[in-house]
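Structure, as structure tokens:
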Amino acid sequence: MSILDSVSKIVKDNFGKKEKSVVAIDFGISSVKVIQLRNEKGLAVLETYGELACGPYGDLAVGQSSNLPPEKIFELVSDLFREANITAKVGAIAVPSRTSLIVSIGIPEMEESKLAEVVPIEARKYIPVPISEVILDWWVVPKNAQENEAEKNRKVEAGGQDGTSADQKYGKKVEVLIASIHKDVIRAYQDLSTKLGLEVDSFEIETFSAIRAVMPNDLSATVIFDIGAGTSKISIVDYGIVRLSHTINKGSQDITVSISKSLNIPFGKAEEIKRRYGLVGDIEKGDLVESISPTVEYIFAEANKVMLTYQRERSRAVDKMILIGGGALLKGILETAKSIVSVPVVVGLPFDKVETPAFLNSVLKESGPEFAVAIGLALRKLEDL
Ligand SMILES: Nc1ncnc2c1ncn2[C@@H]1O[C@H](COP(=O)(O)OP(=O)(O)OP(=O)(O)O)[C@@H](O)[C@H]1O
Ligand SMILES: [Mg+2]
């Protein structure tokens with residue numbers, strides 16, 4: 001071996017040790033999703049991805065919500081890693097919004113150091129467990145120009161009415177967004193990672209991961225709407241930051257339940273029919289659209305309400321709504337969404353944020369919405385390396 005060869009081998013070995021691939025895991029209530037990305041000259045390259053339904057691990061059907069015990073989750077993730085050929089040794093886990101909390105609260109304006117004392121005290125009102133048991137993160141939401149203007153006008157009006165000064169009557173408030181995760185949830189994921197032989201030190205509430213995967217790179221107000229199996233999660237991102245996050249207690253699973261009831265068929269069969277026909281096309285046994293529509297309409301009407309309230313309160317126009325989550329794959333959903341939602345609606349394309357082989361383009365475009373959380377999280381983890 002020449003000197004040059006041995007030098008190149010040393011260099012290679014050293015570089016080889018540096019982890020370049022990351023895996024991100026999204027624990028959905030109906031299925032677990034994984035994505036493995038690699039950093040190649042600053043680009044995020046898709047190495048592999050996969051999904052496995054939770055139902056069969058708890059004697060339930062594909063698509064059904066399943067609260068699996070830890071040993072079953074381990075079995076499922078091990079199977080998924082094997083099937084998807086996950087080789088990364090470092091990873092990140094998305095914390096489901098059902099086990100976390102994001103709230104926005106108004107607090108009188110004060111110094112940053114004082115806020116650090118006050119926020120955890122205020123947060124107690126919203127967090128149903130002792131603050132010592134949760135990990136708390138918070139930040140002040142900057143006001144936009146319209147909000148400043150609206151606040152000024154309110155104060156002028158108030159000051160004129162009863163002789164009190166405007167500042168006395170309303171005081172200045174800042175809006176603080178609080179995110180909290182129960183420490184037990186993190187501990188359970190850490191145990192699982194240890195058993196999987198995976199180094200995981202990044203946890204992120206799924207909402208933030210999803211946003212990273214589909215947000216346009218601008219300052220517009222955008223609604224990200226994740227239609228999952230159990231719930232639908234609406235978030236509004238404005239001026240590049242999350243302003244609001246809200247959960248609607250209905251998801252795509254409710255559609256399957258309606259089909260199952262109205263056609264008097266088992267959940268599994270109803271799930272197949274839902275995926276095959278969706279809102280486009282009747283089947284012999286009855287009008288499928290009639291059993292699907294009420295849930296879809298309810299979900300979008302609720303999302304629209306949240307969005308309209310935001311627009312009114314902030315005097316700010318929302319630009320568009322981006323759909324993600326498996327529920328966004330329902331055939332014909334976009335047409336119904338467009339007829340209810342007052343801004344343009346599009347389906348998210350999270351795989352656009354990563355380099356993918358051309359031959360997979362159409363498959364990835366179709367399954368993209370389901371992988372938004374996993375992709376957004378993997379992108380963040382890649383930046384940490
Ligand atoms: N092709 C399809 N057509 C219609 N619905 C679909 C299709 N594919 C998946 N779904 C539905 O999407 C839902 C699963 O979506 P997703 O994987 O985003 O949910 P989840 O992450 O498990 O749930 P959650 O986010 O509530 O925890 C299921 O109800 C499933 O029936
Ligand atoms: Mg989900």
Side-chain angles (χ1 to χ4, degrees), residues 24-35 49-58 60-68 73 76-77 80 93-100 185 204-211 213-214 224-235 245-260 266-281 288-289 291-293 295-296 299 322-337 347-348 350 362-363 365-377:
I25 315 174
D26 167 17
F27 288 97
I29 194 83
S30 73
S31 75
V32 180
K33 278 76 85 176
V34 291
I35 291 274
Y49 70 105
E51 177 188 12
L52 213 47
C54 302
Y57 288 80
L60 295 167
V62 168
Q64 237 167 333
S65 294
S66 319
N67 263 324
L68 299 175
I73 295 179
L76 184 156
V77 180
L80 180 53
I93 289 178
V95 177
S97 44
R98 60 183 180 276
T99 57
S100 56
V185 171
E204 180 173 63
I205 299 179
E206 59 172 328
T207 312
F208 299 104
S209 311
I211 288 167
V214 291
I224 314 279
F225 196 29
D226 178 353
I227 306 174
T231 57
S232 303
K233 280 86 52 187
I234 176 168
S235 325
S245 166
H246 178 82
T247 300
I248 296 163
N249 277 326
K250 270 197 193 298
S252 188
Q253 179 183 231
D254 294 285
I255 300 175
T256 315
V257 171
S258 304
I259 298 174
S260 159
F267 185 98
K269 186 81 189 127
E271 178 75 16
E272 270 176 41
I273 291 176
K274 175 181 81 172
R275 293 189 189 204
R276 185 168 330 140
Y277 301 101
L279 281 161
V280 292
L288 195 56
V289 175
S291 40
I292 296 181
S293 288
T295 308
V296 178
I299 289 174
I322 303 177
L323 302 186
I324 53 168
L329 304 178
L330 185 80
K331 291 195 178 92
I333 197 167
L334 212 47
E335 285 64 34
T336 305
V347 175
S362 67
V363 179
K365 192 174 169 205
E366 260 170 46
S367 57
E370 279 197 289
F371 287 93
V373 170
I375 293 175
L377 183 62

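All ligand and atom numbering here is 1-based and tracks the order in the structure. These numbers come from a predicted model, not from an experiment. Heads up: numbering here begins at 1 and tracks the sequence.
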request  = Provide the closest heavy-atom pair for V257 versus F267 in the form atom of the first, atom of the second, distance.
outcome  = CG2-CE1, 4.0 Å
Which donor-acceptor pairs under 3.5 Å do the side chains of residues 326-335 make with protein atoms, sequence neighbours left out?
{"from": "K331", "atom 1": "NZ", "to": "R275", "atom 2": "O", "distance (Å)": "3.3"}
{"from": "K331", "atom 1": "NZ", "to": "R276", "atom 2": "O", "distance (Å)": "2.7"}

task = For the residue pair S252 and K274, confirm or rule out a side-chain donor-acceptor distance under 3.5 Å.
result = yes
query = Does a donor on one side chain and an acceptor on the other come within less than 3.5 Å for S31 and K33?
reply = yes
ask   = Can you tell if the side chain of V373 reaches within under 4.5 Å of the side chain of D226, non-hydrogen atoms only?
value = yes
Straight-line distance of I93 CD1 to F27 CZ, nearest 0.5 Å = 5.0 Å
Distances under 3.5 Å, N/O of ligand 1 against N/O of the protein: list each pair and its distance.
{"from": "ligand 1", "atom 1": "10 (N)", "to": "G326", "atom 2": "O", "distance (Å)": "3.4"}
{"from": "ligand 1", "atom 1": "12 (O)", "to": "G326", "atom 2": "O", "distance (Å)": "3.4"}
{"from": "ligand 1", "atom 1": "12 (O)", "to": "G327", "atom 2": "N", "distance (Å)": "3.3"}
{"from": "ligand 1", "atom 1": "15 (O)", "to": "G326", "atom 2": "N", "distance (Å)": "3.2"}
{"from": "ligand 1", "atom 1": "17 (O)", "to": "K33", "atom 2": "NZ", "distance (Å)": "2.6"}
{"from": "ligand 1", "atom 1": "17 (O)", "to": "E370", "atom 2": "OE2", "distance (Å)": "3.4"}
{"from": "ligand 1", "atom 1": "18 (O)", "to": "G326", "atom 2": "N", "distance (Å)": "2.7"}
{"from": "ligand 1", "atom 1": "19 (O)", "to": "A229", "atom 2": "N", "distance (Å)": "3.2"}
{"from": "ligand 1", "atom 1": "21 (O)", "to": "K33", "atom 2": "NZ", "distance (Å)": "3.0"}
{"from": "ligand 1", "atom 1": "22 (O)", "to": "I29", "atom 2": "N", "distance (Å)": "3.3"}
{"from": "ligand 1", "atom 1": "22 (O)", "to": "S30", "atom 2": "N", "distance (Å)": "2.8"}
{"from": "ligand 1", "atom 1": "22 (O)", "to": "S30", "atom 2": "OG", "distance (Å)": "2.7"}
{"from": "ligand 1", "atom 1": "22 (O)", "to": "S31", "atom 2": "N", "distance (Å)": "3.2"}
{"from": "ligand 1", "atom 1": "23 (O)", "to": "A229", "atom 2": "N", "distance (Å)": "3.1"}
{"from": "ligand 1", "atom 1": "25 (O)", "to": "K233", "atom 2": "NZ", "distance (Å)": "2.7"}
{"from": "ligand 1", "atom 1": "26 (O)", "to": "A229", "atom 2": "N", "distance (Å)": "3.3"}
{"from": "ligand 1", "atom 1": "26 (O)", "to": "G230", "atom 2": "N", "distance (Å)": "3.1"}
{"from": "ligand 1", "atom 1": "26 (O)", "to": "T231", "atom 2": "N", "distance (Å)": "3.4"}
{"from": "ligand 1", "atom 1": "26 (O)", "to": "K233", "atom 2": "NZ", "distance (Å)": "3.2"}
{"from": "ligand 1", "atom 1": "27 (O)", "to": "I29", "atom 2": "N", "distance (Å)": "2.8"}
{"from": "ligand 1", "atom 1": "27 (O)", "to": "R98", "atom 2": "NH1", "distance (Å)": "3.2"}
{"from": "ligand 1", "atom 1": "29 (O)", "to": "S252", "atom 2": "OG", "distance (Å)": "3.4"}
{"from": "ligand 1", "atom 1": "29 (O)", "to": "K274", "atom 2": "NZ", "distance (Å)": "3.3"}
{"from": "ligand 1", "atom 1": "31 (O)", "to": "E271", "atom 2": "OE1", "distance (Å)": "3.3"}
{"from": "ligand 1", "atom 1": "31 (O)", "to": "E271", "atom 2": "OE2", "distance (Å)": "2.3"}
{"from": "ligand 1", "atom 1": "31 (O)", "to": "K274", "atom 2": "NZ", "distance (Å)": "2.6"}

